Novice: 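I'd like to ask some things about the structure below.
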Amino acid sequence: MSRTHFTGLLGLVTLLLAQPPNDNCANATQLTIGNCLNNQTTQGATMQTGEPNPCIPALTGGCNNGHTVWYWFQAGPNDSVLRIILDVTDIYGCEGGMVVYGPFTSPPTCFTGFNTAWCQDYIFGASYGSTNSAYYLDLPVQPNRYYMVQVWGRH
């Protein structure tokens, strides 16, 4: 095997490893109420067959809907409103949005009966200075119901 050929294989492995594990709805990452997830990204994500298009081009100036990742959560027995806090890293040109689908009585089959419960169609991560942009999103929920969260990003 030549050295050039080996380098090409190494590059391919690196590219595949860069894809987020929750790129597909079937591999959605669970969100636990009261906790936070750090270092999440849409970088390297792809569009899945049948995946809803989260983009609203009139508001975003066009977006790359191929960069979408998935999360899910179950509302608690006494929950009626949940606050989702999004902290967007301060990178120029980092734009995105979030769509919440539900409610579901059980964990949903991907892309079947996905009704939009809430939509934040424009999230912008570039601010002046060195601070991040934080978004506070109050989501009405039904107790014990399941929700799917689709986050898209444009880099």
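From a predicted model like this one, the values you see are computed outputs, not experimental measurements. If you read the sequence from its start, that first residue is 1, and numbering goes on from there.
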Novice: Identify the two heavy atoms, one from V69 and one from T41, that lie closest to each other, and give their separation to 0.1 Å.
Specialist: CG1-O, 3.6 Å
Novice: Which residue pairs pass the salt bridge (Lys or Arg N to Asp or Glu O under 4.0 Å) test when at least one of the two sits in residues 33-48, sequence neighbours left out?
Specialist: none
Novice: Using modelled atom types and a 3.5 Å cut-off, is there a donor and acceptor pairing between side-chain atoms of Q150 and backbone atoms of P52?
Specialist: yes
Novice: Of all residues at least two apart in sequence or in a different chain, which pass the ring-ring contact (aromatic ring centres under 6.0 Å, His included) check with Y71?
Specialist: none
Novice: Using side chain to side chain contact (heavy atoms under 4.5 Å, CB included) as the criterion, list what pairs up with N144, not counting sequence neighbours.
Specialist: Q74, P77
Novice: Would you say the ring centers of Y101 and Y146 fall short of 6.0 Å from each other?
Specialist: no
Novice: Minimum heavy-atom separation for P20 to A45, with atom names?
Specialist: CD-N, 3.7 Å
Novice: Rounded to the nearest 0.5 Å, what separates atom CD1 in I33 from atom CG in L82?
Specialist: 4.5 Å
Novice: Taking the side chain as every heavy atom from C-beta outward, state whether Q40 and N22 have any atom pair closer than 4.5 Å.
Specialist: yes
Novice: Might you point out which heavy atoms bring F104 and M148 nearest each other, and give the distance in Å?
Specialist: CE1-CG, 4.0 Å
Novice: Under a single-linkage rule joining Ile, Leu, Val, Met, Phe, Trp and Tyr whose side-chain heavy atoms are separated by less than 4.5 Å, which residues share a cluster with I85?
Specialist: Y136
Novice: How many angstroms lie between atom OG of S80 and atom CG of L139, to the nearest 0.5 angstrom?
Specialist: 10.5 Å
Novice: Going by side chain to side chain contact (heavy atoms under 4.5 Å, CB included), name the residues that satisfy it together with T109, two or more places apart in sequence or in a different chain.
Specialist: T112
Novice: Give me the atom names and distance for the closest heavy-atom approach of P140 to Y147.
Specialist: O-OH, 4.4 Å
Novice: Output the distance between atom OG1 (T32) and atom CZ (F73), rounded to the nearest 0.5 Å.
Specialist: 11.5 Å
Novice: Return yes if some donor-acceptor pair links the side-chain N/O of D23 with the main-chain N/O of T46 below 3.5 Å, else return no.
Specialist: yes
Novice: Taking the side chain as C-beta and beyond, is there a heavy-atom pair between T105 and R145 under 4.5 Å?
Specialist: yes
Novice: Closest approach of L37 and Q30, non-hydrogen atoms and distance?
Specialist: CD1-O, 4.4 Å
Novice: Let me confirm one number: the CZ-OG1 distance from F111 to T49, rounded to the nearest 0.5 Å.
Specialist: 8.5 Å
Novice: Enumerate the residue pairs fulfilling salt bridge (Lys or Arg N to Asp or Glu O under 4.0 Å) with a member in residues 100-109, sequence neighbours excluded, ordered by first and then second residue.
Specialist: none
